[in-house]
There are 2 protein chains.
Amino acid sequence: MQTVLSEAQAKHHHAEEAVQSLRRIVKALHDYSTSVEQQIGLTGPQLWALWELSRAGSLSLKALSAQMHLDPSTVTGVVDRLQRRNLLVRVPDPEDRRRVILSLTVAGAQLLKRAPHPAQGQLLHALHAMPLKEVERLDHALKQVATLMEVDSTDVRFFFAET
Amino acid sequence: MQTVLSEAQAKHHHAEEAVQSLRRIVKALHDYSTSVEQQIGLTGPQLWALWELSRAGSLSLKALSAQMHLDPSTVTGVVDRLQRRNLLVRVPDPEDRRRVILSLTVAGAQLLKRAPHPAQGQLLHALHAMPLKEVERLDHALKQVATLMEVDSTDVRFFFAET
DNA sequence: ACAAAACAGTTTGCATGCAAATATTTTGTG
DNA sequence: CACAAAATATTTGCATGCAAACTGTTTTGT
């Protein structure tokens, strides 16, 4: 019983620490975004959108929001602000007049050239600085966490006693 | 050279996968927040604020925002909405009249009783479902990632070649 | 052929979230 | 004591982000 208890406590400890680390990671990502904004005057999502557009050549708004895992209504706003600064254009799709084709302008493409890699760059950089074995394990563990979180999405209430 | 190259590729692969998993985790956290909102009519931050307040008894706005790692101006808004629903009260601190003391109302405390554990509950639940060894490794790896990201916050530009 | 359903994009309304500016109060220094 | 500096909370302005409602267009089913 003693063993079980202390093992549970150890797990609790590491779990809390892991959550804390995730918070730090999210914060670091945000700070990186802020520094990018200072450098080139684009917010994280704005740079990300341009980057996806550059990668794909051109995209419908729906496709772009799928790439970014964001709601189309959110992306509409981001695209508005980019268009207002002449970094991209909206062109109606002749094939399907519901659709809008988004493409970079020359100004947009040029800006991208002097811009850093979008948001996740920081994270990827950190991962690349770690030994392969470590990255493998991290990958595996995170995948497990993500899956567990997705599976148990219903009634997780009171999993923790109030101590 | 062959070995080095494929090892780099393996690392790249796992790094990309890890980023993807982090995205899934963030999304799962958000989905959990949404389900909580459906259940008890409070957003994630609102529940979180009440919970911190309950844990501490009472807090100044500054202290609460420190607990939540949020800007005071953000917390002001959250507190506004909670106060509007009579879940907490603002009382001027007689000791220091700049300060405001936040405390739960009876209604707030009662609501908390039937509320699930705030946001991170989902994540903690998932971590507790994992073997201790795994949680330990995850904790360690995440700590490393967070530290690396914080250290290299300046010029990470172009760490990745455009492939 | 044409009503119904599905789809793409936008608009509106709301809740975060931060930075910068402001008002009030307290503290520290000469 | 006086006055500058710091601290606390708020306000304002802006950019995400989602859900729901709405418009127009295309596809589907009968």
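The sequence lines fix the lettering, A, B, ..., with proteins before strands; numbering per chain opens at 1.
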Looking only at side-chain atoms of A:Arg98, point me to the closest of D:dA19, D:dG17, C:dC7. C:dC7

Main-chain N/O of B:Leu61 paired with B:Ser65 side-chain donor or acceptor, under 3.5 Å: yes

Give the rounded distance in Å between these two atoms: CG of A:Asp80 and P of C:dG9. 13 Å

Can you find a donor-acceptor pair, distance only, under 3.5 Å between B:Ser73 side chain and C:dA19 base? yes

Please report the distance, rounded to the nearest Å, between CZ in A:Arg81 and C1' in D:dT16. 7 Å

Closest of D:dT11, D:dT16, C:dG9 to the B:Thr76 side chain is D:dT11

Measure from the side chain of B:Thr74, starting at C-beta and using heavy atoms only, and say which of C:dC18, D:dA15, C:dG9 lies closest. C:dC18

Quick one: label A:Thr43 by what it contacts on the DNA or RNA (base, sugar-phosphate, nothing), any heavy atom closer than 4.0 Å. sugar-phosphate

Taking the side chain of B:Gln46 as its heavy atoms from C-beta onward, which of C:dT25, C:dA15, D:dT10 lies nearest to it? C:dA15

Looking at the side chain of B:Asp71, which of C:dT16, C:dG9, C:dA19 is the nearest nucleotide? C:dA19

Just compare D:dT16, C:dT25, C:dA19 and give me whichever is closest to any side-chain atom of B:Arg97. C:dT25

If each of A:Pro94 and B:Gln38 is mapped to the nucleotide of DNA chain D with the nearest heavy atom, which maps nearer the 5' terminus, i.e. the 5' end? B:Gln38

Per the atom types in the model, does the base of C:dA8 pair as donor or acceptor with the side chain of A:Arg99 at under 3.5 Å? no

